[in-house]
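As the structure is a prediction and not an experimental result, all values here were calculated from the model.
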Amino acid sequence: MAAGSDICWAAPMKVLLIGGGGREHALAWKLRQSRLVSRIWCAPGNGGISLDAECIPADLGDVPGLADLAAKLQADLTVVGPEQPLVNGIADEFLRRGMQIIAPPRKCAQLEGSKVFAKEFLDRHGIPTAELHGIFDSAEAAIENLETLSYPLVLKADGLCGGKGVLVAKSHNEAAEFVDRVLEKREFGDGGNSLLIEEALNGDELSYIVLSDGKNFVPMVPTRDHKRTFDGDLGPNTGGMGAYSCDGMISPSLEAEILSNLVEPTMKALAQEGCDYRGFLYFGLMLTPTGPKVLEFNCRLGDPEAQAIVARMNFDLDEALSAVTDGGLAGLALNWHPGASVCVVMASGGYPGKYDTGKQITGLEKAGSLPDVSIFHAGTTRSDTAYYTCSGRVLGVTARSRTLDGARRAAYDAVHAVGFPGCQYRSDIALAACRVANAGEA
(Lines give C-alpha, C1' and ligand atoms only; values in the text may rest on other atoms or scores of the structure.)
Protein backbone atom coordinates (compact mmCIF):
# COMPACT_ATOMS: atom_id res chain seq x y z
CA MET A 1 0.00 0.00 0.00
CA ALA A 2 1.49 3.36 -0.97
CA ALA A 3 0.73 6.52 0.93
CA GLY A 4 -1.77 8.50 -1.08
CA SER A 5 -3.30 5.44 -2.76
CA ASP A 6 -7.05 5.08 -3.10
CA ILE A 7 -8.48 3.15 -0.16
CA CYS A 8 -12.12 2.50 0.63
CA TRP A 9 -13.04 3.32 4.24
CA ALA A 10 -16.39 2.49 5.83
CA ALA A 11 -16.58 5.99 7.30
CA PRO A 12 -14.38 9.05 7.83
CA MET A 13 -12.09 8.62 10.83
CA LYS A 14 -12.28 10.44 14.15
CA VAL A 15 -8.89 10.90 15.80
CA LEU A 16 -7.98 11.70 19.41
CA LEU A 17 -4.54 13.18 20.09
CA ILE A 18 -3.09 12.85 23.59
CA GLY A 19 -0.85 15.73 24.68
CA GLY A 20 -0.61 19.48 24.52
CA GLY A 21 2.74 20.57 23.14
CA GLY A 22 4.39 21.56 19.87
CA ARG A 23 4.63 17.96 18.70
CA GLU A 24 0.90 17.46 19.15
CA HIS A 25 0.12 20.71 17.33
CA ALA A 26 2.25 19.55 14.39
CA LEU A 27 0.40 16.23 14.33
CA ALA A 28 -3.00 17.94 14.53
CA TRP A 29 -2.01 20.32 11.73
CA LYS A 30 -1.00 17.43 9.49
CA LEU A 31 -3.95 15.19 10.35
CA ARG A 32 -6.32 18.06 9.58
CA GLN A 33 -5.07 17.89 5.98
CA SER A 34 -6.05 14.21 5.66
CA ARG A 35 -8.97 13.34 3.39
CA LEU A 36 -9.61 10.39 5.72
CA VAL A 37 -10.15 12.38 8.93
CA SER A 38 -13.52 13.91 9.76
CA ARG A 39 -12.82 15.14 13.30
CA ILE A 40 -9.84 15.70 15.58
CA TRP A 41 -9.80 16.12 19.35
CA CYS A 42 -6.75 16.91 21.46
CA ALA A 43 -6.53 16.23 25.19
CA PRO A 44 -5.65 18.59 26.74
CA GLY A 45 -4.30 20.58 23.76
CA ASN A 46 -3.28 24.25 23.96
CA GLY A 47 -4.23 27.65 22.58
CA GLY A 48 -2.79 27.11 19.11
CA ILE A 49 -4.00 23.52 18.79
CA SER A 50 -7.54 24.80 19.31
CA LEU A 51 -7.45 26.13 15.74
CA ASP A 52 -6.78 22.66 14.32
CA ALA A 53 -8.58 20.40 16.81
CA GLU A 54 -11.22 20.51 19.50
CA CYS A 55 -9.37 20.69 22.83
CA ILE A 56 -10.69 18.75 25.81
CA PRO A 57 -9.36 19.05 29.40
CA ALA A 58 -7.62 15.87 30.53
CA ASP A 59 -5.21 14.54 33.12
CA LEU A 60 -2.33 12.90 31.25
CA GLY A 61 -1.52 10.83 34.33
CA ASP A 62 -4.99 9.22 34.39
CA VAL A 63 -4.72 6.33 31.91
CA PRO A 64 -8.20 4.86 32.60
CA GLY A 65 -9.65 8.36 32.29
CA LEU A 66 -8.02 8.85 28.90
CA ALA A 67 -9.39 5.51 27.74
CA ASP A 68 -12.83 6.51 29.00
CA LEU A 69 -12.56 9.75 27.05
CA ALA A 70 -11.67 7.93 23.83
CA ALA A 71 -14.59 5.57 24.32
CA LYS A 72 -17.00 8.43 25.03
CA LEU A 73 -15.88 10.28 21.91
CA GLN A 74 -16.03 7.06 19.89
CA ALA A 75 -12.59 7.86 18.52
CA ASP A 76 -11.52 5.49 15.76
CA LEU A 77 -7.84 6.09 16.50
CA THR A 78 -5.88 7.58 19.39
CA VAL A 79 -2.36 8.95 18.88
CA VAL A 80 -0.14 9.51 21.94
CA GLY A 81 2.41 12.31 21.89
CA PRO A 82 4.18 12.60 25.30
CA GLU A 83 6.12 9.98 27.20
CA GLN A 84 4.35 9.78 30.56
CA PRO A 85 1.14 8.07 29.34
CA LEU A 86 3.30 5.56 27.42
CA VAL A 87 5.30 4.65 30.51
CA ASN A 88 2.05 4.46 32.51
CA GLY A 89 0.69 1.79 30.13
CA ILE A 90 -1.87 3.67 28.06
CA ALA A 91 -1.45 1.25 25.14
CA ASP A 92 -2.15 -1.75 27.38
CA GLU A 93 -5.37 -0.16 28.67
CA PHE A 94 -6.63 0.75 25.20
CA LEU A 95 -5.84 -2.63 23.71
CA ARG A 96 -7.49 -4.38 26.66
CA ARG A 97 -10.66 -2.49 25.73
CA GLY A 98 -10.28 -3.27 22.03
CA MET A 99 -9.53 0.34 21.01
CA GLN A 100 -6.98 1.37 18.37
CA ILE A 101 -3.98 3.36 19.53
CA ILE A 102 -0.60 4.49 18.20
CA ALA A 103 1.60 3.71 21.20
CA PRO A 104 3.86 0.87 22.33
CA PRO A 105 2.87 -1.19 25.38
CA ARG A 106 4.30 -0.43 28.81
CA LYS A 107 6.92 -3.17 28.50
CA CYS A 108 8.36 -1.54 25.38
CA ALA A 109 8.03 1.98 26.77
CA GLN A 110 10.61 1.12 29.43
CA LEU A 111 13.16 1.82 26.69
CA GLU A 112 12.42 5.48 27.37
CA GLY A 113 11.12 5.28 30.92
CA SER A 114 14.29 3.70 32.31
CA LYS A 115 17.83 4.44 31.13
CA VAL A 116 18.92 1.32 33.04
CA PHE A 117 16.44 -0.86 31.14
CA ALA A 118 17.54 0.64 27.82
CA LYS A 119 21.26 0.19 28.55
CA GLU A 120 20.79 -3.41 29.66
CA PHE A 121 18.65 -4.08 26.56
CA LEU A 122 21.35 -2.69 24.27
CA ASP A 123 24.13 -4.63 25.98
CA ARG A 124 22.06 -7.82 26.08
CA HIS A 125 21.60 -7.75 22.32
CA GLY A 126 25.04 -6.44 21.38
CA ILE A 127 23.73 -3.21 19.85
CA PRO A 128 26.49 -0.55 19.69
CA THR A 129 26.27 1.97 22.53
CA ALA A 130 28.51 3.80 25.01
CA GLU A 131 30.50 1.74 27.50
CA LEU A 132 28.76 1.55 30.87
CA HIS A 133 30.90 2.38 33.93
CA GLY A 134 28.23 1.67 36.51
CA ILE A 135 24.67 2.03 37.82
CA PHE A 136 24.27 3.57 41.27
CA ASP A 137 21.52 4.31 43.78
CA SER A 138 23.93 5.70 46.36
CA ALA A 139 25.64 9.06 46.00
CA GLU A 140 28.61 7.84 48.03
CA ALA A 141 29.19 4.85 45.73
CA ALA A 142 28.76 6.95 42.59
CA ILE A 143 31.26 9.59 43.72
CA GLU A 144 33.73 6.87 44.72
CA ASN A 145 33.44 5.48 41.17
CA LEU A 146 34.05 8.93 39.69
CA GLU A 147 37.47 9.01 41.37
CA THR A 148 38.66 6.14 39.14
CA LEU A 149 37.50 7.47 35.75
CA SER A 150 38.78 9.83 33.07
CA TYR A 151 36.80 12.81 31.81
CA PRO A 152 34.57 13.75 30.08
CA LEU A 153 31.88 11.36 31.33
CA VAL A 154 28.13 11.11 30.78
CA LEU A 155 25.81 10.90 33.79
CA LYS A 156 22.14 10.00 33.33
CA ALA A 157 19.28 9.95 35.82
CA ASP A 158 17.42 6.69 35.23
CA GLY A 159 13.84 7.89 34.77
CA LEU A 160 11.86 10.58 32.96
CA CYS A 161 13.28 14.06 33.56
CA GLY A 162 11.84 16.13 30.71
CA GLY A 163 15.08 15.97 28.73
CA LYS A 164 17.06 17.53 31.60
CA GLY A 165 18.43 14.46 33.39
CA VAL A 166 21.65 14.04 31.40
CA LEU A 167 25.00 15.73 31.97
CA VAL A 168 28.22 15.58 29.99
CA ALA A 169 30.66 16.25 32.84
CA LYS A 170 34.05 17.70 31.99
CA SER A 171 35.45 17.48 35.51
CA HIS A 172 35.11 15.52 38.74
CA ASN A 173 33.58 18.50 40.55
CA GLU A 174 30.93 18.95 37.86
CA ALA A 175 30.08 15.24 37.95
CA ALA A 176 29.96 15.09 41.75
CA GLU A 177 27.64 18.10 41.86
CA PHE A 178 25.24 16.35 39.44
CA VAL A 179 25.35 13.17 41.53
CA ASP A 180 24.35 15.24 44.55
CA ARG A 181 21.49 16.88 42.65
CA VAL A 182 20.14 13.53 41.48
CA LEU A 183 20.68 11.14 44.39
CA GLU A 184 20.81 13.45 47.42
CA LYS A 185 18.74 16.55 46.66
CA ARG A 186 16.31 14.44 44.57
CA GLU A 187 16.00 17.21 42.00
CA PHE A 188 14.33 14.81 39.54
CA GLY A 189 12.17 12.98 42.08
CA ASP A 190 11.56 9.33 41.23
CA GLY A 191 13.31 9.92 37.91
CA GLY A 192 16.54 9.98 39.90
CA ASN A 193 16.18 6.82 41.95
CA SER A 194 19.32 5.58 40.26
CA LEU A 195 22.11 7.02 38.13
CA LEU A 196 24.14 5.69 35.20
CA ILE A 197 27.72 6.67 34.48
CA GLU A 198 29.04 5.90 31.01
CA GLU A 199 31.72 6.95 28.54
CA ALA A 200 31.30 10.17 26.59
CA LEU A 201 31.14 9.49 22.87
CA ASN A 202 32.61 11.85 20.28
CA GLY A 203 30.87 12.80 17.06
CA ASP A 204 27.71 14.40 15.72
CA GLU A 205 24.33 13.56 17.21
CA LEU A 206 21.45 12.45 15.00
CA SER A 207 17.78 11.77 15.63
CA TYR A 208 16.57 8.79 13.61
CA ILE A 209 12.91 7.86 14.03
CA VAL A 210 10.96 4.93 12.62
CA LEU A 211 7.28 4.03 12.57
CA SER A 212 6.56 0.38 13.39
CA ASP A 213 3.50 -1.90 13.14
CA GLY A 214 5.08 -4.60 15.29
CA LYS A 215 6.58 -6.50 12.37
CA ASN A 216 7.56 -3.90 9.79
CA PHE A 217 8.88 -0.37 10.03
CA VAL A 218 9.37 2.70 7.84
CA PRO A 219 11.94 5.45 8.55
CA MET A 220 11.17 9.13 8.93
CA VAL A 221 13.57 11.68 7.46
CA PRO A 222 16.56 12.13 9.80
CA THR A 223 16.74 15.23 11.98
CA ARG A 224 19.18 16.94 14.31
CA ASP A 225 18.14 18.52 17.61
CA HIS A 226 19.73 21.41 19.54
CA LYS A 227 19.37 20.62 23.24
CA ARG A 228 21.45 23.30 24.94
CA THR A 229 19.82 26.59 25.92
CA PHE A 230 22.17 29.07 24.29
CA ASP A 231 24.02 29.62 21.02
CA GLY A 232 27.16 27.59 20.52
CA ASP A 233 25.67 24.65 22.45
CA LEU A 234 26.19 26.41 25.77
CA GLY A 235 24.06 26.37 28.90
CA PRO A 236 21.93 23.64 30.46
CA ASN A 237 20.13 20.91 28.58
CA THR A 238 16.52 21.53 27.63
CA GLY A 239 13.73 19.56 26.01
CA GLY A 240 15.03 21.00 22.72
CA MET A 241 15.58 24.54 21.40
CA GLY A 242 15.28 23.71 17.71
CA ALA A 243 15.75 21.07 15.04
CA TYR A 244 16.31 20.71 11.34
CA SER A 245 16.05 18.14 8.57
CA CYS A 246 17.51 18.25 5.08
CA ASP A 247 18.33 16.14 2.07
CA GLY A 248 21.82 14.72 2.27
CA MET A 249 22.04 15.02 6.06
CA ILE A 250 23.47 11.52 6.07
CA SER A 251 24.86 9.52 3.18
CA PRO A 252 23.02 6.45 1.80
CA SER A 253 25.86 4.25 3.08
CA LEU A 254 25.62 5.70 6.61
CA GLU A 255 21.86 5.27 6.63
CA ALA A 256 22.29 1.66 5.52
CA GLU A 257 24.73 1.17 8.42
CA ILE A 258 22.28 2.71 10.89
CA LEU A 259 19.52 0.43 9.66
CA SER A 260 21.57 -2.78 9.59
CA ASN A 261 23.57 -2.28 12.80
CA LEU A 262 21.10 -0.43 15.03
CA VAL A 263 17.50 -0.24 13.86
CA GLU A 264 16.97 -3.74 12.49
CA PRO A 265 18.68 -5.47 15.47
CA THR A 266 16.60 -3.37 17.86
CA MET A 267 13.30 -4.22 16.16
CA LYS A 268 14.28 -7.90 16.02
CA ALA A 269 15.27 -7.86 19.70
CA LEU A 270 11.96 -6.26 20.70
CA ALA A 271 10.06 -8.99 18.88
CA GLN A 272 12.22 -11.67 20.53
CA GLU A 273 11.40 -10.23 23.94
CA GLY A 274 7.68 -10.26 23.23
CA CYS A 275 7.28 -6.52 22.63
CA ASP A 276 4.63 -5.83 19.98
CA TYR A 277 5.95 -2.37 19.20
CA ARG A 278 3.36 -0.25 17.40
CA GLY A 279 4.18 3.40 17.08
CA PHE A 280 7.16 5.73 16.71
CA LEU A 281 10.58 4.68 18.01
CA TYR A 282 13.22 7.39 18.30
CA PHE A 283 16.89 6.45 18.12
CA GLY A 284 19.12 9.14 19.60
CA LEU A 285 22.44 8.41 17.92
CA MET A 286 26.04 9.52 18.09
CA LEU A 287 27.90 9.25 14.80
CA THR A 288 31.32 8.26 16.15
CA PRO A 289 34.53 7.68 14.15
CA THR A 290 34.00 3.93 14.69
CA GLY A 291 30.38 3.98 13.55
CA PRO A 292 26.93 5.07 14.80
CA LYS A 293 25.99 4.17 18.38
CA VAL A 294 22.75 4.47 20.35
CA LEU A 295 22.68 7.18 23.02
CA GLU A 296 19.03 6.82 24.02
CA PHE A 297 15.55 5.77 22.96
CA ASN A 298 12.30 7.71 22.97
CA CYS A 299 9.11 5.74 22.38
CA ARG A 300 7.47 8.57 20.46
CA LEU A 301 8.21 11.37 18.04
CA GLY A 302 10.75 13.79 19.41
CA ASP A 303 9.91 17.41 20.13
CA PRO A 304 10.97 19.60 18.29
CA GLU A 305 12.07 16.93 15.79
CA ALA A 306 8.41 16.18 15.06
CA GLN A 307 7.83 19.72 13.80
CA ALA A 308 10.73 19.47 11.33
CA ILE A 309 9.60 16.01 10.19
CA VAL A 310 5.91 16.86 9.79
CA ALA A 311 6.79 19.95 7.72
CA ARG A 312 8.42 17.66 5.15
CA MET A 313 5.65 15.02 5.01
CA ASN A 314 4.17 14.73 1.53
CA PHE A 315 1.79 11.90 2.34
CA ASP A 316 -1.43 11.31 4.23
CA LEU A 317 -0.38 10.85 7.86
CA ASP A 318 -3.65 9.22 8.87
CA GLU A 319 -3.23 6.60 6.16
CA ALA A 320 0.23 5.73 7.50
CA LEU A 321 -1.04 5.56 11.09
CA SER A 322 -3.94 3.35 10.04
CA ALA A 323 -1.43 1.01 8.41
CA VAL A 324 0.23 0.68 11.83
CA THR A 325 -2.93 -0.54 13.51
CA ASP A 326 -3.70 -2.87 10.60
CA GLY A 327 -0.18 -4.31 10.49
CA GLY A 328 0.12 -3.05 6.94
CA LEU A 329 3.33 -1.01 6.87
CA ALA A 330 5.10 -3.54 4.62
CA GLY A 331 5.55 -1.91 1.23
CA LEU A 332 4.28 1.48 2.40
CA ALA A 333 6.07 4.22 0.46
CA LEU A 334 6.33 7.56 2.24
CA ASN A 335 6.88 10.60 0.05
CA TRP A 336 8.80 13.58 1.41
CA HIS A 337 9.07 17.17 0.24
CA PRO A 338 12.58 17.66 -1.14
CA GLY A 339 14.86 20.19 0.49
CA ALA A 340 14.87 21.08 4.16
CA SER A 341 12.92 22.22 7.19
CA VAL A 342 13.97 24.19 10.27
CA CYS A 343 12.18 24.59 13.60
CA VAL A 344 13.21 27.34 16.03
CA VAL A 345 11.82 27.12 19.55
CA MET A 346 10.79 30.37 21.20
CA ALA A 347 10.89 29.93 24.98
CA SER A 348 10.01 31.84 28.13
CA GLY A 349 12.88 33.82 29.65
CA GLY A 350 14.68 31.69 32.23
CA TYR A 351 13.77 28.33 30.69
CA PRO A 352 14.75 25.57 31.57
CA GLY A 353 14.92 27.12 35.02
CA LYS A 354 12.27 29.34 36.59
CA TYR A 355 10.19 31.44 34.22
CA ASP A 356 7.09 33.62 34.20
CA THR A 357 3.91 32.84 32.27
CA GLY A 358 0.88 34.82 31.15
CA LYS A 359 2.81 37.00 28.69
CA GLN A 360 0.84 38.11 25.62
CA ILE A 361 2.23 36.98 22.29
CA THR A 362 2.17 39.39 19.35
CA GLY A 363 2.88 39.01 15.65
CA LEU A 364 1.51 35.49 15.20
CA GLU A 365 -0.75 36.39 12.29
CA LYS A 366 2.03 38.17 10.43
CA ALA A 367 4.51 35.34 11.01
CA GLY A 368 2.02 32.67 10.05
CA SER A 369 1.24 34.39 6.76
CA LEU A 370 4.82 34.07 5.51
CA PRO A 371 5.31 31.50 2.72
CA ASP A 372 5.98 27.90 3.84
CA VAL A 373 5.97 28.89 7.51
CA SER A 374 3.96 27.08 10.20
CA ILE A 375 3.70 28.28 13.80
CA PHE A 376 3.28 25.30 16.12
CA HIS A 377 2.20 26.19 19.65
CA ALA A 378 3.99 24.39 22.46
CA GLY A 379 2.80 26.29 25.54
CA THR A 380 0.05 28.82 24.94
CA THR A 381 -3.45 29.63 26.10
CA ARG A 382 -6.04 31.43 24.00
CA SER A 383 -8.53 34.09 24.99
CA ASP A 384 -10.71 35.17 22.05
CA THR A 385 -8.09 36.13 19.45
CA ALA A 386 -5.23 36.74 21.92
CA TYR A 387 -2.58 34.19 22.92
CA TYR A 388 -0.55 34.02 26.13
CA THR A 389 2.45 32.00 27.30
CA CYS A 390 1.82 29.15 29.75
CA SER A 391 4.98 27.01 29.66
CA GLY A 392 8.74 27.02 29.18
CA ARG A 393 8.74 26.25 25.49
CA VAL A 394 6.12 28.46 23.88
CA LEU A 395 6.31 28.20 20.07
CA GLY A 396 8.01 26.05 17.44
CA VAL A 397 8.43 28.36 14.46
CA THR A 398 8.91 26.05 11.47
CA ALA A 399 9.72 26.68 7.82
CA ARG A 400 10.32 24.52 4.76
CA SER A 401 12.34 25.38 1.67
CA ARG A 402 14.27 23.74 -1.15
CA THR A 403 17.52 24.53 0.65
CA LEU A 404 18.54 24.42 4.30
CA ASP A 405 19.69 28.02 4.14
CA GLY A 406 16.32 29.05 2.70
CA ALA A 407 14.41 27.18 5.43
CA ARG A 408 16.58 28.73 8.11
CA ARG A 409 16.12 32.27 6.77
CA ALA A 410 12.34 31.79 6.50
CA ALA A 411 12.11 30.42 10.04
CA TYR A 412 14.05 33.34 11.51
CA ASP A 413 12.07 35.87 9.46
CA ALA A 414 8.98 34.47 11.21
CA VAL A 415 10.70 34.44 14.61
CA HIS A 416 11.58 38.11 14.23
CA ALA A 417 7.92 38.91 13.52
CA VAL A 418 6.77 37.33 16.81
CA GLY A 419 7.34 38.63 20.31
CA PHE A 420 6.44 38.33 23.98
CA PRO A 421 8.09 39.80 27.10
CA GLY A 422 11.18 37.85 28.15
CA CYS A 423 11.26 35.73 24.99
CA GLN A 424 14.45 33.75 24.40
CA TYR A 425 15.59 31.63 21.48
CA ARG A 426 18.78 30.41 19.88
CA SER A 427 19.96 32.30 16.82
CA ASP A 428 22.12 29.45 15.48
CA ILE A 429 19.69 26.62 14.74
CA ALA A 430 21.06 24.76 11.68
CA LEU A 431 23.73 27.44 11.22
CA ALA A 432 26.69 25.06 11.33
CA ALA A 433 25.06 22.74 8.80
CA CYS A 434 24.36 25.71 6.50
CA ARG A 435 28.00 26.75 6.65
CA VAL A 436 29.09 23.23 5.73
CA ALA A 437 26.61 23.12 2.85
CA ASN A 438 27.65 26.55 1.58
CA ALA A 439 31.34 25.63 1.80
CA GLY A 440 30.65 22.50 -0.24
CA GLU A 441 28.97 24.57 -2.93
CA ALA A 442 31.80 27.11 -3.10
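If you check the side chains of Thr129 and Lys119, you find a donor sitting under 3.5 Å from an acceptor. Between the side chains of Asp231 and Ser427, at least one donor N or O sits under 3.5 Å from an acceptor N or O. A donor-acceptor contact under 3.5 angstrom links the side chains of Asp303 and Gln307, judged on distance only. A donor-acceptor contact under 3.5 angstrom links the side chains of Asp158 and Ser114, judged on distance only.
Note that the OG1 atom of Thr223 and the CG atom of Leu206 stand 6.5 Å from one another [nearest 0.5 Å]. Interatomic distance, CD of Gln100 versus CG of Asp76, reported as 9.0 Å (0.5 Å rounding). For the atom pair CG (Leu167) and CG (Leu153), the distance works out to 9.5 Å, reported to the nearest 0.5 Å.
Partner of Ile18 under the side-chain contact (heavy atoms from CB on, under 4.5 Å) criterion, chosen from Val79, Leu69, Thr78: Thr78.
Salt bridge Asp247/Arg402: absent, no basic N to carboxylate O contact under 4.0 Å. Arg409 and Asp405 are joined by a salt bridge, as a carboxylate oxygen and a charged side-chain nitrogen come within less than 4.0 angstrom of each other. Using a cut-off of 4.0 Å between Lys/Arg side-chain N and Asp/Glu carboxylate O, Lys156 and Glu296 are scored as not salt-bridged. Here Arg228 does not pair with Asp428 in a salt bridge; the nearest charged N to carboxylate O distance is not below 4.0 Å.
Within the 3.5 Å criterion, the main-chain N or O of Gly240 finds a donor-acceptor partner in the side chain of Arg393. In terms of modelled atom types and a separation under 3.5 Å, the side chain of Asn237 and the main chain of Val166 share a donor-acceptor contact. Side-chain atoms of Arg23 come within 3.5 Å of backbone atoms of Gly81 as a donor-acceptor pair (strictly under, hydrogens ignored). Judged purely by atom type and a 3.5 angstrom limit, Glu131 has no side-chain atom pairing as donor or acceptor with the backbone of Glu199. The backbone N or O of Tyr244 lies less than 3.5 Å from no partner atom in the side chain of Ser341, so there is not a single donor-acceptor pair. Checked by atom type and distance alone, the side chain of Arg400 pairs as donor or acceptor with a backbone atom of Ala311 at under 3.5 Å. Judged purely by atom type and a 3.5 angstrom limit, Thr238 uses its side chain to pair as donor or acceptor with the backbone of Lys227. No donor-acceptor distance shorter than 3.5 angstrom exists from the side chain of Thr290 to the backbone of Thr288, with no hydrogens or angles considered.
A perpendicular orientation is assigned to the rings of Phe315 and Trp336, their planes being inclined by more than 60° (bins at 30° and 60°). Using cut-offs of 30° and 60° for the angle between ring planes, the Phe376 and Trp29 rings count as perpendicular. Using cut-offs of 30° and 60° for the angle between ring planes, the Phe121 and Phe117 rings count as parallel.
Within a 6.0 Å sphere centred on CD of Glu140, heavy atoms belonging to other residues, nucleotides or ligands number 12 at most.
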task: Please step through side-chain contact (heavy atoms from CB on, under 4.5 Å) for the pair Arg426 and Asp233, ending with a clear verdict.
output: CA-CA 9 Å; Arg426 285 182 57 161; Asp233 290 327; 3.1 Å; yes
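Scanning all heavy atoms of the two residues, the minimum distance from Ala407 to Ala340 falls at CB-O, 3.8 Å. Pairing each heavy atom of Val397 with each of Ala411, the nearest pair is CG1-O, 3.5 Å.
Evaluation of the ring-ring contact (aromatic ring centres under 6.0 Å, His included) test over residues 257-299, restricted to residues two or more places apart or in two chains, returns Phe283-Phe297. Sorted by first and then second residue, the salt bridge (Lys or Arg N to Asp or Glu O under 4.0 Å) pairs involving residues 77-101 (not counting sequence neighbours) are Asp68-Arg97, Glu83-Arg300, Glu93-Arg96, Glu93-Arg97.
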